[in-house]
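Only one structure is covered here, and it is reproduced in the block below.
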Amino acid sequence: MRLSRYFLPVLKETPSEAQIASHRLMLRAGMIKQASAGIYSWLPLGFKVLRKLENIVHQEQMRAGHIPMLMPTIQSADLWRESGRYDDYGEEMLRIRDRHDRDMLYGPTNEELITDIFRAHVGSYKDLPLTLYHIQWKFRDEIRPRFGVMRGREFFMKDGYNFDLTKEDALHSYNRHLVSYLRTYERMGLQAIPMRADGGPIGGDYTHEFLVLADTGESEVFYDSEITDLRFGEREIDYDSVEQCQAVLEEFTSRYARTDETHDEAIFNEVPEARRRSARGIEVGQIFYFGTKYSEPMDATVQGPDGKPVPVHMGSHGIGVSRLVGAIIEASHDDHGIIWPEGVTPFHAGIVNLKQGDAEADAACDALYASLTALGLEPLYDDRDERAGGKFATMDLIGLPWRITVGPRGLKNGVVELTSRKTGESEEMPPEKAIEKIAEIYAPHHRMVAVEPMVQRSFHTWL
RNA sequence: CGGGGCGUGGCGCAGUCUGGUAGCGCACCUGUUUUGGGUACAGGGGGUCGUAGGUUCGAAUCCUGCCGCCCCGACCA
C-alpha cells in the first residue's frame with residue numbers, strides 16, 4: 001500500500017477522552033473512531049489488525065477440528081424465555097422491538113441459539129463429538145464502557161460450543177480448547193496465562209480465564225512466577241489425543257495462578273515466597289465446561305447406543321478478538337507508539353523514501369515495494385512529499401516491526417537502512433539483502449498459516 | 001445508577017467569574033523555501049460556541065430544562 005493512497009488519519013495530539021496507552025495509540029494511529037460511548041468505527045488500519053487476529057483465531061480453531069459458522073447478531077426473545085435468561089440477564093441485554101411488536105434482542109452471547117440449532121439437527125450419539133464456533137459482533141450494554149475497545153459495549157468475539165456424549169469426552173474438548181488457545185495467543189505475540197476462574201452467570205465446574213499481564217488490566221491476579229517461563233512453542237500436537245491434551249493442561253495449570261475471584265491465600269502461601277506474584281491482568285478469553293446446564297432445560301439430547309435420549313455435555317469458550325487489539329498494544333508499545341508483534345502487524349514493513357521525487361530514490365523504493373509484494377508480504381510505502389522526521393514519527397506511531405529507509409546518501413553506496421522498531425537498531429545493506437532478511441523474519445509466521453487443519457469430522461468446510 | 005468533571009472549526013485548548021457579537025497552536029489549502037528524526041516564511045478556507053427555552057438593547061459568557069461525552073465506584077469477553 002502506498003501511504004499517499006491509503007486512509008491513515010494519524011493525530012499529533014491525543015484526544016482528551018483517552019486514558020490508557022492502547023486507547024490513546026489506537027486513536028492517534030488512526031485505527032478507530034468513537035461513534036458513541038463504547039461503540040467504535042474501525043478505520044482501515046485498525047480493521048486490518050482486527051482481521052488478522054480473526055484469521056489467526058480461525059486457523060487455530062480449524063486446526064483443532066472446530067467448525068466455523070455464523071449466527072446472527074439479532075435474536076428472538078423466545079429462545080431466551082425458554083432458557084430462563086430473558087428475565088435473568090437484566091439491563092445489560094439490549095432489547096429491541098420490531099414493527100410487529102415482537103421482542104428481539106442484540107445477542108450478548110449465543111448459548112440459546114446454538115443449542116436450538118443443535119437440537120434441531122443432531123439426534124444421534126454418532127454425530128458427536130461436535131464443536132461449532134463463530135466470530136461475531138456482540139452487544140452488552142455495560143454500565144460504564146471505558147478503555148476504548150478494551151471494554152466496549154459492542155465487541156467482536158469468538159464463541160464456541162462443544163457437544164459431547166459424556167463428561168469425559170467434554171473434558172477432552174475442554175483440554176483441546178485450552179491447547180488451541182495457548183497456540184492462538186502465542187501466535188499473536190502474547191503471553192496469556194490460563195488462570196483458575198469463577199464460572200459467573202454462565203456457570204460451570206471447570207473454567208479457566210486467559211490473562212495477559214498488564215498494569216492497566218482490570219483483574220487482580222496471583223500466580224507462581226514459574227508459570228511465566230512456560231511456552232507452548234512450535235511443538236506438534238494431536239488434538240485427538242486425550243493424553244497429549246491432558247498433558248498440556250497439566251503443564252500449564254499445575255502451578256498456582258488465579259484471579260481474585262478464586263484466590264485462596266492459604267494455598268498461595270504454599271508457593272515459595274520468592275515466586276509469589278500479584279499483578280494485574282487483561283482477560284482475553286475464557287473456557288467453560290458446564291455439563292447439562294443448557295441441554296437439560298432446552299431438551300438438547302441425542303439417542304445413545306441403547307436408544308434412550310441422553311442430554312449432551314456442553315462447554316463454551318470465548319476469545320475477545322476486538323479486546324485483543326487493545327491488549328496487544330498494552331503489552332507492546334513505547335513512548336513513540338505501537339510495536340506490533342510480527343504475527344499481527346498490519347503491514348510487514350514500512351518503506352520510507354527520504355527524497356520523494358528523486359528519480360533514483362523513487363526507483364529504488366518502487367523496486368523494494370515490488371519485491372516484497374512478490375514474496376507475499378505487504379509493505380506500506382510512505383511516498384508522501386514530507387520531511388523525514390514526520391515520516392519516521394508516523395512509522396513509529398503505527399508500529400510496523402521493520403522499516404527500510406531509502407535516501408540519496410545511502411543510494412550513493414548502494415545501500416538502504418533496515419531498522420527494527422523494537423530495538424531501534426539500524427543496519428545498512430544492499431536492498432536485496434534487506435528483502436532477504438525480512439522474508440526470513442516472516443517465514444515462521446507463514447509456516448504456521450500453511451499447516452493444514454486436521455481432518456474434520458463432518459462435511460462442513462471453511463470457504 | 002451514586003459521586004465528580006467537561007461540551008467553543010478535524011485534534012488540543014484560551015475566552016465564561018466581571019455580557020459588547022470568537023481567538024491561539026496543530027492539521028488543512030496556495031505559493032516560495034526546505035528535506036538524513038515532526039523545516040521556515042507569507043497568504044488563505046473552515047466554528048448558528050452541544051441543544052431548547054428564558055433574562056437583557058445585546059448572551060460562548062447569566063438562569064432553567066434536556067442531550068452527549070469523560071473520570072471514580074458496583075458489573076463484565
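This is a predicted model, so every value here is computed, not measured. Below, chain A is the first sequence line, B the second, and so on; all start at residue 1.
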(request) Report the residue from F155(A), Y89(A), F139(A) that forms a ring-ring contact (aromatic ring centres under 6.0 Å, His included) with Y106(A). (result) F139(A)

(message) Taking the P atom in each of A52(B) and G9(B), what is the distance between them to the nearest angstrom?
(response) 16 Å

(request) Given ring-ring contact (aromatic ring centres under 6.0 Å, His included), test H58(A) with Y133(A) step by step and report yes or no. (result) CA-CA 9 Å; H58(A) 269 305; Y133(A) 77 93; 5.5 Å; yes

(request) For Q19(A) and for E13(A), find the nucleotide of RNA chain B with the closest heavy atom, then tell me which residue's nucleotide is more 5'. (result) E13(A)

(request) With ring-ring contact (aromatic ring centres under 6.0 Å, His included) as the test, would you mind laying out the steps for Y174(A) and Y289(A) before giving the verdict? (result) CA-CA 7 Å; Y174(A) 184 89; Y289(A) 161 72; 7.4 Å; no

(message) For a quick test of reading the model: is some side-chain N or O of R144(A) closer than 4.0 Å to OP1 or OP2 of G3(B)?
(response) no

(request) Considering only atom C1', compute the distance from U48(B) to U8(B) and round it to an integer number of Å. (result) 12 Å

(request) Identify which one of Y442(A), Y6(A), W340(A), Y381(A) satisfies the ring-ring contact (aromatic ring centres under 6.0 Å, His included) criterion when paired with F347(A). (result) Y6(A)

Residues 407-414 of chain A, side-chain donor-acceptor partners within the protein, below 3.5 Å, at least two apart:
none

(message) Ignoring hydrogens and geometry beyond distance, is a side-chain donor-acceptor pair present between Y86(A) and D88(A) at under 3.5 Å?
(response) no

(message) Could you tell me how far G12(B) sits from G7(B) if I compare only their P atoms? Round to whole Å.
(response) 12 Å

(request) Would you mind building the protein contact string for nucleotides 27-43 of chain B? One character per nucleotide, 5' to 3', B for base within reach (heavy atoms under 4.0 Å), S for sugar-phosphate only, - for untouched. (result) S-------BBBBS----

(request) For C24(B), give its Watson-Crick or G-U wobble partner with both distances under 3.5 Å, or none. (result) G12(B)

